[in-house]
J.: 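Here you go, one structure.
Reminder, nothing fancy here: chain letters follow the sequence lines and each chain counts from 1. Remember, it's a predicted structure, so these values are computed and weren't measured experimentally.
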Amino acid sequence: MTASIATNQTILVVGGGISGMTAALEAAECGKQVILVERNATLGGRTALLYRYFPKMCHPTCGMEINLRRIKANRNVRVMTMAEVQEVKGSRGDYTVRLKLSPRYVNSNCTACGECAKAVDAEIDNPYEYNLSKTRAAYLPHNMAYPMQYVLDPSIIGTADAEKAKAACKYDAIDLAMQEETVEIRAGAIVWATGWKPYDAARIQPYGYDRFANVITSVEFERLANPHGPTGGKLLRPSDGKEAKNIAFIQCAGSRDENHLRHCSRICCMASLKQTHYVREAYGDDAKSTIYYIDIRVIDRLEDFYQQVKKDPTVNFIKSKVAKIAEEKDGNLVLHGVDTEGYHRYATTHDLVVLAIGMEPETNGIKLPDDILLDSSGFIEGASGGMFGAGAATSPLDVNRAAQSATAAALRAIQVVHKTSTVEGAR
Amino acid sequence: MAKKNYAFYPGCSSQKGASASNFVPSIEVMCDKLDIQLNEIPDWNCCSASIGYGEGSQLSRLVLNARNLALVEQNMPGQDLVSGCPACWLATRETAEKLHEVESLMADTNEALKEAGLSFKGTVKARHLVEVLIEDVGFEAMKEPVVKPLEGLKIAGYVGCQTNRPFGIAGESFENPQYLDKMVETVGAEPATGYEQKVTCCGGALAFSEPEKSQKQIKDIVESAYDHGADMIVTPCQLCQANVEIYQSEINKKKGTKLSMPVVYYSQLMTVAYGGTAKQAGLDGNVLRPQKLLDIASK
Amino acid sequence: MSDLNQKAVALYGGNFLKEVEERVEDGEWVSMCMQCGVCAGSCPLGPHWEHSPQKIFRMIMAGKREEVLTSDSVWMCTSCYTCIVRCPRKLPITHIMHGLAHYAHRLDVAPKGQPTRELAKIFWNSLIRTGRVNELKFSLGVYFKDGFSQGIKNLLGMQGVALGLMKAKRLNPMEILGGHKCKDIGGIQKMLAKAQEIEARRQI
Amino acid sequence: MAEMKTAAYICSGCGLGDKLDVSQLAKIAQREGKMALVREHAFLCNSEGVQMIRDDIEKEEVTHVCIAACSRRAKTEAFNFPDIAMTRANLREGVIWVVSEGAEHDEVRQEMADDYVRMACAELKKAKVPAGNPNHTHLKNILVVGGGMSGMTAALEAAEAGYEVILVEKQGSLGGWAGKLYKRVPFKAPYAEPQETGVAELAARVSAHPLIAVHLNTTVAETSGAPGRYAIKLAQESGAVTEIAAGSIVQATGFTTYDIKKLPELGGGLDHVVDHAGLESLAKASNGGPIRRADGKEVKSVVFLQCAGQRDEAHLPYCSGHCCATSIKQAMYFKDANPEVSTIVVYDDLRVPGMGEDFYRSAQHKDVIFSKGKASKVESSGSGCKVTYRDLILDTDLVLDADLVVLATGQVPSSGVNVADWDRLTKEAEGGSEEARQQRNDLKRISILNLTYRQGPDLPKLKYGFADSHFICFPYETQRTGIYTAGPVRRPMDIYQATEDATGAALKAIQAAENASLGRAAHPRAGDLSYPMVRLEGCTQCKRCTVECPFGAIDEDEKRFPVFNEQRCRRCGTCMGACPVRVISFENYSVDTVGSQIKAVEIPDEFSEKPRILVLACENDAYPALDMAGLSRIVYSAFVRVIPVRCLGSVNTIWITDALNSGYDGVMMMGCRKGDEYQCHFVKGSELAGYRMSKIGDTLTQMGLEPQRVSTYEIAITDNARIAGLINDYVAELVELGPSPMKGFG
């Protein structure tokens, strides 16, 4: 791909999660030219890895199916995966962006027939399962992957496995000679929809995520609950594969904590309330969920969902920030703390502990262009010129608000290319 | 190589005939082997420890510690203040930081120091001896002098509180610090991994005032060491050493347990590993004889 | 009620939070507590408390002056600093507890005979006499704090410990005759006197 | 366009060649499918295969292409031929990946593939490339109703993108609630202090903008038309009416506050008890100085009671989201003017998400006291109030004396008529009830848009009167194409969210106008050029289409014939499914395109023990789930024949009866979840299908068929394992039941 496909009328959207797809599509469906770049091998981002959404308990892949159909049907959007922004030059209305394209080692001939995966022996931690399971080093990220093409893990390049994969492909879709390239594209406006990442749970030492197998994060729990996930949708705990029926959900795992994240991550309370549904779905009245919280933050109509969960006799609420977790020989976990409503000390045993892990910007640790303003947590607060934040890159947002924010960002980008076009028209 | 100089703050319990006095020779041997030169602070005074707050006002406690810092600043330029006792170190370091943060307190402190003919500018760094070992010497260099690796010894690294919180060793976790286990490895012994009581509080000064409550803590600390098959406990804290060691007999009396878990100070381990005698290691000063360590020392 | 205490009450009226913020070491942090309770769950002596730190903070904000200052709980801090390192609002809880205990002691409203309070007194006196703590006198002091006969009992009770330490030359009976002291004890005492003078100046 | 010329391309890649007799498929396409041109290719989706097709289009003037290869969801970039009608026979995901391995299954596998080729050819012959809606619209300007923060923002953002805006505000000035505030909550780092509202500046920019026309003291008297051609009557206070036209509409009519008089137990109605709005006016009056009560007394102590009449079934069941931050801000008004003022916030959960946490910290720094508790009583006492509440931390009852009590009451949306009530009254009125007609007229008075739509004068409400989207991924998925809500009318929210929301709504309005001008559908079938066509001469004026259209796209003329407003239509086909006389169709999706596929399937005789089951699968959830079952190589019975449909709402019962008549043993209808948490992006498609099928019972009995020969299922897109199970169970059930007695009569 070369710069020729893009002009200063083009809107560049960085990040192919729900926010980036939304920003790209909303602009494109207004007739604008859009390039959507995604660092990973597929669009979909983190929402594609969720099992259900609150409060409707519907499936993220449903919305993704619609968005993918919109992308397939819309010639204004060009998607570039495995593409990372390296440098942005220029100013509002006229940017030049250098992109690094990582080799996929699979070209567009790929029919997703899966023969290469069968041929390869090497296995890697599956990043699309938060490393909860392994996958062959030639793999399709997931069933909703777009583009629907396999990808070879760089670790097997130069090994016999790579050759096996190549040999197995009848459609010479595997190109081991692929190299990393850099391309420059022009854009009038840039939307940064770079999203979020879960806070590093190992750093919350009292909870022993790095020491205790059965302490997991909320994003990992989504994979356990997912029928397409590593346990086929069964809530099996990592240490011994035993069914986890008595589950603790610890809120503010990293959030609202000056030792970790200053901010409240907004979604975690709803996420845990939602996840108590998974437990109930799995075990009915034998389920036992306990939510340890400081404040239950479910605003607007979402309150309904909270009230509904509150009525569920299998769910318990304890106002307390858990002080520490201790592991027992059988892998069970004892939570120590104090219920501050009236001061009741507890030491409660659970099969599994789910940390409602906080959100931090995916770009933390990555250098963004200077004229992007970040807040104290690294979220994009605003930007001078023709660059705009969208979705969870701007603030910890739920999917609905992220899509709103992305739609707004699309209009701001359109305003930029509109101005440049009218100015040029005037000339 | 030239020895590195430090202003040494032994602390009250290291005075001759005091509870930590038996560690002094082992500290000397250890430092000698590691080219550390400890120069005792002339006429140092008590840090007021963690219990001084009851009677002693904030400023009184600050000036006590400031005096030691001032003595170093004045008489031992360029040297870090180093203590083997976490309480001394913590009180001093907290003072140094507080005076650095709050100007008015620095002013008040100096006004008081003047009465003792001293002044403090705030240039002295307060460090724990363990910090010096890890940051200035390093684990590799700690290994070098080892002539009698402590093979066959399983040791529970009991870090306790004040070397660990609130400052701790840079880069270490408050809940699960690793450095003591690493030190145990450097001297050729096996650390009791998964020793979950490693940062449990021994009761500190409340071992005196609230014996029952503290002894419950100590019981957990010792029993867990047994559970993990440890031959002895090692600690970087002199008060922890004393509390955890000497109250075992009390606990046995009250609870009918048979606790007899030797508790050593890390410099005792290193002295033995570095070829020092039982006497140099001050093992005769241990109330509960660390037999296996004695055996290696006498080899 | 000590007149110091009366003065404080008069000065702050009902506003105990303000009193704590101005008069107690690190008291200005109290209002930052968000009642998560992590301190309460972290304290090694927690099970023995009537009031957890977070509850004490709430009591301060609710103006429960007497309950707080007479609380036994503020004397139960072992200075393990676990609460400090876990507090999501970074309150220096250990110091606030020390500060509250000291303040209650200064106003002489702290519980009479509270063991740690007594221990602290003896420790401090031992310290300012020589500039260094004399463990034997200090310990004896502790055992005799409740009077002579109780002292003997305590001492017998701790015989094992004491003898053990003596055997190990870590408790020197000769200490009783004097032992260590700072050369410039005079300067130290002047210095401490000055410190008190300065603080008196700052407060009522 | 040239004469129709059909061509079928049969791929043997991805194992199709190994598992199927491709040459037989080719023969079928030729002989039975009557394809003018049939070609096989070993790897149809590669550049060479695609080029072959392009060449045929070029040189052989092929106009209609049947691809017999993989799923229509796969390889869309390769098989992309503008202005060419195309159908896809799903031989990969639909056949070889889901039929059991092994020679013993070769026969059924081949039969399945044969049928899919037949079906694709049959559909192709009925398919047309949509030409697009001929009556184009041209209006791209936007009507914004409401001049508050949301409305002004929507207007300005749209104008900045070059679109003309007409802004209507019923008050005499712009600003709305935000204009009544002393200050606003911060929305930028450091999130520490209340900020200027900026309302005056915004209002000035709006009034001065060359592309924005502001109408004050004005309401909307009538709205008719459709995206790209709305005709609106604006009524001034004076009574004068001006007619304007607009391409699309943003409704930003905001909220009103909950009446505190409904909260007597919390002192609502007492002299020194106010709500947030009341406190703002006191703060404005004091303008930075000490805040005084209505009676002039300076306030020395104030208590804020959160969730007053909120999160409460008896009042507002929801949380208004902004109130915690608003009370923090207002507490700061007091502290900033005089730090000695006692400010206590009594809350249940302190809800300041995101960076609001820093604002909370800032208030704590200022000694605002937060107390988790529940107030039970507020009464007058002395010159102020006495608040009795339970302190949940100390677990005791406390009494607070305060000069002033502030109740954090909630937002009530200004969203006009509840369309559900309207619908009920309409039916009763049409049933002849005079009372209902009267009530309907009364109801109309509170309408905001006064739409002339059959489905009612305002937007349908989601819950508690909020006119929000029902979908999480698509916050602007409106049920009235071209009309988008923004701000607190859609959901309780603060100023910052409202401005974000308004900007998004402005984009959707622009988009709707642009799509309408090109005769294209709006989300979720964005870009679809097909549109409902009706043969009115066949229409029986039964009104089912007008009643069932989920988007209010169809009006009725005086003779009760349907009047289609294509620009309002979302192309779901519900009208097509509803029509008993089958006069409604789309060029690329009609009773024929599906019907012909059903007929194309070869039905084995009753002795063959090979049942045939028709599966009508929603193309958004069920069909992808079937595809993904294939992708995961989950096998299911080879006796099913799957046809994707736009929505179960578009399923015309004739398809079912035709299928059963022609000897199918059963029909599975797979749609998405119905009920309150419905999944259907066409609102009630699967619900309608369920309803229609419940009616089909009689027909079945007349035909002498068991009711279980037709069954409906709710399928989620993740159900790929479950869907295979359902199919297999159903097949087993039918085998149990025995072959359809209709076989052979077809």
J.: Taking Lys319(A) for the side chain and Gln35(C) for the main chain, is one N or O donor matched with an acceptor at less than 3.5 Å?
T.: yes
J.: Could you check if a side-chain atom of Thr340(A) sits within less than 4.5 angstrom of a side-chain atom of Lys55(C), using non-hydrogen atoms only?
T.: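 When only atoms from C-beta onward are counted, Lys55(C) and Thr340(A) do not touch, as no gap falls below 4.5 Å.
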J.: Look at the side chain of Asn259(A) and the backbone N and O of Cys87(C), then say whether any donor-acceptor pair between them is shorter than 3.5 Å.
T.: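 Answer holds: yes.
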J.: Among Ile294(A), Ile204(A), Asp295(A), Asp339(A), which has the most heavy-atom pairs under 4.5 Å with chain C?
T.: Ile294(A)
J.: Which residues in residues 36-51 of chain C have a heavy atom less than 4.5 Å from any heavy atom of chain A?
T.: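 Cys36(C), Gly37(C), Val38(C), Ala40(C), Gly41(C), Ser42(C), Gly46(C), Pro47(C), Trp49(C), Glu50(C), His51(C) fall under the 4.5 Å cut-off.
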J.: What is the minimum heavy-atom distance between Arg89(C) and Glu258(A), and which atoms define it?
T.: CD-OE2, 3.4 Å
J.: Contact part of Arg256(A) toward chain C, heavy-atom cut-off under 4.5 Å: side chain, backbone, both or neither?
T.: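 Both parts, backbone and side chain.
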